[in-house]
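In what follows, every chain begins at residue 1, and chains take the letters A, B, ... in the order their sequences are listed. Since we're looking at a predicted model, the values are computed, not measured.
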There are 2 protein chains.
Amino acid sequence: MARTRGITIKDVARRAGVSITAVSHALNDKGTLSAATREHIRAVAEQMGYEADALARGLRRSPMGAVGLVLRSLDALGDYAPAGVDVFERFVGAAASQALARGLSLMLVPDLTRPPVPPLAFSLDGYIVTNPHVDDPVVARLEERGIPYVTYGRPPGRPEFTHWASEDDRASARLVLAHLEGAGARSVALVRGTDPNAWNLEHQDVYLGWCEERGSTPRLYELPERAGVEGGTALAGRLVDDGLPDAVFCLTGRHAAGVQRGLVARGVRVPERTMVVTGSDSEHARNSRPAISALELNPVDSSAALLDILQSLIAGRPADAPRLTRARFRPRGSTRR
Amino acid sequence: MARTRGITIKDVARRAGVSITAVSHALNDKGTLSAATREHIRAVAEQMGYEADALARGLRRSPMGAVGLVLRSLDALGDYAPAGVDVFERFVGAAASQALARGLSLMLVPDLTRPPVPPLAFSLDGYIVTNPHVDDPVVARLEERGIPYVTYGRPPGRPEFTHWASEDDRASARLVLAHLEGAGARSVALVRGTDPNAWNLEHQDVYLGWCEERGSTPRLYELPERAGVEGGTALAGRLVDDGLPDAVFCLTGRHAAGVQRGLVARGVRVPERTMVVTGSDSEHARNSRPAISALELNPVDSSAALLDILQSLIAGRPADAPRLTRARFRPRGSTRR
DNA sequence: GTGAAAGCGCTAACAC
DNA sequence: GTGTTAGCGCTTTCAC
């Protein structure tokens, strides 16, 4: 299966009876060729099925037509396909489809700071980094290299950085809390993850503000993302011991599923005694009994926005950023009273 | 945001006080350098944080550390993110995770035959092509270029080609039919898609054989994949008109959801009068009432197998192929009698 | 053992 | 208007 090389610019030049420069210029709309030559060269190239080699072209630092995607939350998890968690797959799917629609390819790249670094990594035109955390080394690396990037979720601790898009986490959090309040909840516990990303931080922030406004004591629990369903189940014990709240708001779907299972196992009636809701819809949330009310992210709009911004950056244009998209709230049995 | 170039081989050579060649050889275990020089050069390179530029390297046709993924079924659909269809997302997620685990990056590439072809497309080390159909032009293109590739699903009409992996479709089909028979079905209709890929063809083949063995008249319906749920609903009318079978086996999840909805709307009781089952689990299947029994593909094992084969091909080793993985059958309400 | 030098395919100064 | 030429960063002969 020897790799045959494709038709090169040289072949086209020879065939068209011109220099390689002429070909390069004709095909890239550069230089000052006569319309006739240009047209002729184009015809020949087309007819020969010529396609410029991206590598050689990239060597001269022209765009590659491909952007990278780094999933920081999965890097952190150390597992790129956690069972039942479909937010990332959905995001990858959406981002890929949006990229393809814009004529860009999407390359999935692992943690850029841990060797071996994928060879092409620093040759891509730009990057989407999802859920960067405080002082994210991947972001630092891109910054260092001067590679354009956008982030899915505001990079925490960097108020000056605007090239991000995400669902409006603050609005989402308020939506959920209002829903719980409307269903009669007075005391709400928040279960967040431990990654210091905007997702965790902004929900927490809104939650604390909400508690303060109402004069209720915040009940904040931190559970590592990787603790999964089991972690949630275990946490249910603590919730009971600390005194049952009217509702539990778990940011991750697996925690919510675990917490609900743990509560039910301890005889707590959901939603009658305590409601459960999650900030991130997942198979687990949908398949729990009762089904768990959830925020459904908006990967399509978010990845479209991110690619818009990224394309502007790559082209050196000012970008319309940040951009907020809207998550949908899906009320289900776990909060239906 | 000027792109800063990284440290080049030249920098390392100068710093180590050797030639460029020496650096190249030391870092690639080529040539005949003394152990001492080799070690010294390596130390300097490491200390400088040198990383070879993949582009320049690729120009000389060495591996890029990246493989492409082409989703033929989505190319055909013309939509890279059809709502509720998660098999592809799951496959992408699984393939990405398996690739990353092997130190490879995964690049999602659209139809390689429709311009504009993504620039890097022909520079990748190899390809995974999902669900190629008869005389697939993408496959032809890769073949032409001598680029190693594997297919998810046997390429139909090419018995000599072995570099593929997939769930064992024939076994899956038998599993489903046996399940239906066990639940009392005598007459079963098969609803397949129109893409001439192995998935459609092999299920059909087993189905026809099964009918023949039992002396029952086959009832075969073809429905374009893109007809979606609505197509299924419409088909339900035909099923009723043609005389209700005891069970309907729809290969795609959306067709199954539509068929069941259409049947129920016409007063047919599922599963009592007619059972419904699908060959491809999806959100639609799970969320239908009753939930639809389904085959759940095995993207994790399948993509792992594909990457094993692909890595062998790239390395020029003989590959252990084809490889069959096992789908799981999920019995649900739609076949529970 | 080591290094000079010739490309890989392309782009962009700069001559002509 | 058009072509010559010098690289981009790297690998790989092939002299020394």
Side-chain angles (χ1 to χ4, degrees), chain A residues 2-42 44-45 48-65 117 119-123 125 145-146, chain B residues 2-42 44-45 48-65 117 119-123 125 145-146:
Chain A
R3 198 122 174 173
T4 38
R5 29 182 27 87
I7 297 127
T8 77
I9 195 171
K10 222 186 256 172
D11 302 328
V12 179
R14 185 166 28 222
R15 190 83 121 67
V18 295
S19 73
I20 51 173
T21 315
V23 179
S24 174
H25 281 176
L27 267 30
N28 297 302
D29 265 326
K30 298 267 168 79
T32 55
L33 290 180
S34 69
T37 337
R38 208 177 284 272
E39 209 30 70
H40 172 230
I41 294 174
R42 283 206 181 130
V44 173
M48 295 178 76
Y50 168 74
E51 266 155 32
D53 182 305
L55 260 39
R57 185 175 255 171
L59 204 48
R60 309 295 276 146
R61 298 284 170 265
S62 16
M64 306 291 303
V117 179
L120 276 174
F122 297 114
S123 309
D125 296 340
R145 286 289 198 126
Chain B
R3 199 121 172 173
T4 32
R5 23 182 34 83
I7 297 129
T8 77
I9 196 173
K10 220 185 259 174
D11 302 329
V12 179
R14 186 165 29 221
R15 190 83 120 68
V18 294
S19 73
I20 298 184
T21 318
V23 178
S24 174
H25 282 175
L27 267 32
N28 298 302
D29 264 326
K30 297 265 168 80
T32 55
L33 290 180
S34 67
T37 338
R38 209 176 282 274
E39 209 30 70
H40 172 229
I41 294 175
R42 284 206 180 128
V44 172
M48 293 178 78
Y50 169 74
E51 266 154 35
D53 181 306
L55 260 38
R57 180 174 260 172
L59 204 47
R60 310 294 270 145
R61 298 284 169 264
S62 14
M64 307 291 301
V117 179
L120 276 174
F122 296 114
S123 309
D125 296 340
R145 288 291 197 122

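- Regarding B:Asp11, its CG atom lies at a distance of 9 Å from the P atom of D:dC10, rounded to whole Å.
- The shortest side-chain heavy-atom distance between A:Asp11 and A:Tyr50 does not fall under the 4.5 Å cut-off.
- For the OP1/OP2 pair of D:dT2 and a distance below 4.0 Å, the side-chain nitrogens and oxygens of A:Thr37 include at least one atom meeting the criterion.
- In this structure, CD1 of A:Ile20 is placed 11 Å from C1' of D:dA6, rounded to the nearest angstrom.
- Going from atom CG of A:Leu55 over to atom P of D:dG7 covers 22 Å, rounded to whole Å.
- If you take CZ of A:Arg14 and P of D:dT2, they are 20 Å apart, rounded to a whole angstrom.
- What separates CD of A:Glu39 from P of D:dG1 is a distance of 16 Å, to the nearest Å.
- In this structure, the nucleotide among D:dG3, D:dC8, C:dT2 sitting nearest to the side chain of B:Leu33 is C:dT2.
- Comparing B:Ala56 and B:Arg38 against DNA chain C, the residue whose closest nucleotide sits nearer the 5' end is B:Arg38.
- Considering only the side chain of A:Ser19, D:dG3 comes nearest among C:dG9, D:dG3, C:dG3.
- No more than 12 heavy atoms of other residues, nucleotides or ligands lie within 6.0 Å of CZ in A:Arg15, so this atom counts as exposed by the packing criterion.
- With rounding to whole Å, B:Met64 atom CE is found 13 Å from D:dG9 atom C1'.
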Practice task
Start with the C-alpha gap between B:Ser24 and B:Thr21, add the side-chain angles, then the distance that decides, and say whether side chain to side chain contact (heavy atoms under 4.5 Å, CB included) holds.
Solution key: CA-CA 5 Å; B:Ser24 174; B:Thr21 318; 5.6 Å; no
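- With contacts defined as side-chain heavy-atom distances shorter than 4.5 Å, the pair B:Lys10/B:Val23 does not qualify.
- For the contact set between residues 21-31 of chain B and DNA chain D, defined by any heavy atom under 4.0 Å, the members are B:Thr21, B:Ser24, B:His25, B:Asn28, B:Lys30.
- Backbone-only contact: B:Ser34 has heavy atoms under 4.0 Å from sugar-phosphate atoms and none from a base.
- When the C1' atom of D:dG9 is taken as reference, atom CZ of B:Arg57 falls 10 Å away, rounded to whole Å.
- We find the NE2-OG1 distance between A:His25 and A:Thr37 to be 12.5 Å, quoted to the nearest 0.5 Å.
- Rounded to whole Å, the distance from CG on A:Asp53 to P on C:dC10 is 6 Å.
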Problem - A:Ile41 and A:Val18: CA distance, side-chain angles, deciding distance, side chain to side chain contact (heavy atoms under 4.5 Å, CB included) verdict - result: CA-CA 8 Å; A:Ile41 294 174; A:Val18 295; 3.9 Å; yes
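- Remark: the backbone N or O of B:Lys30 is not paired with any side-chain donor or acceptor of B:Asn28 at under 3.5 angstrom.
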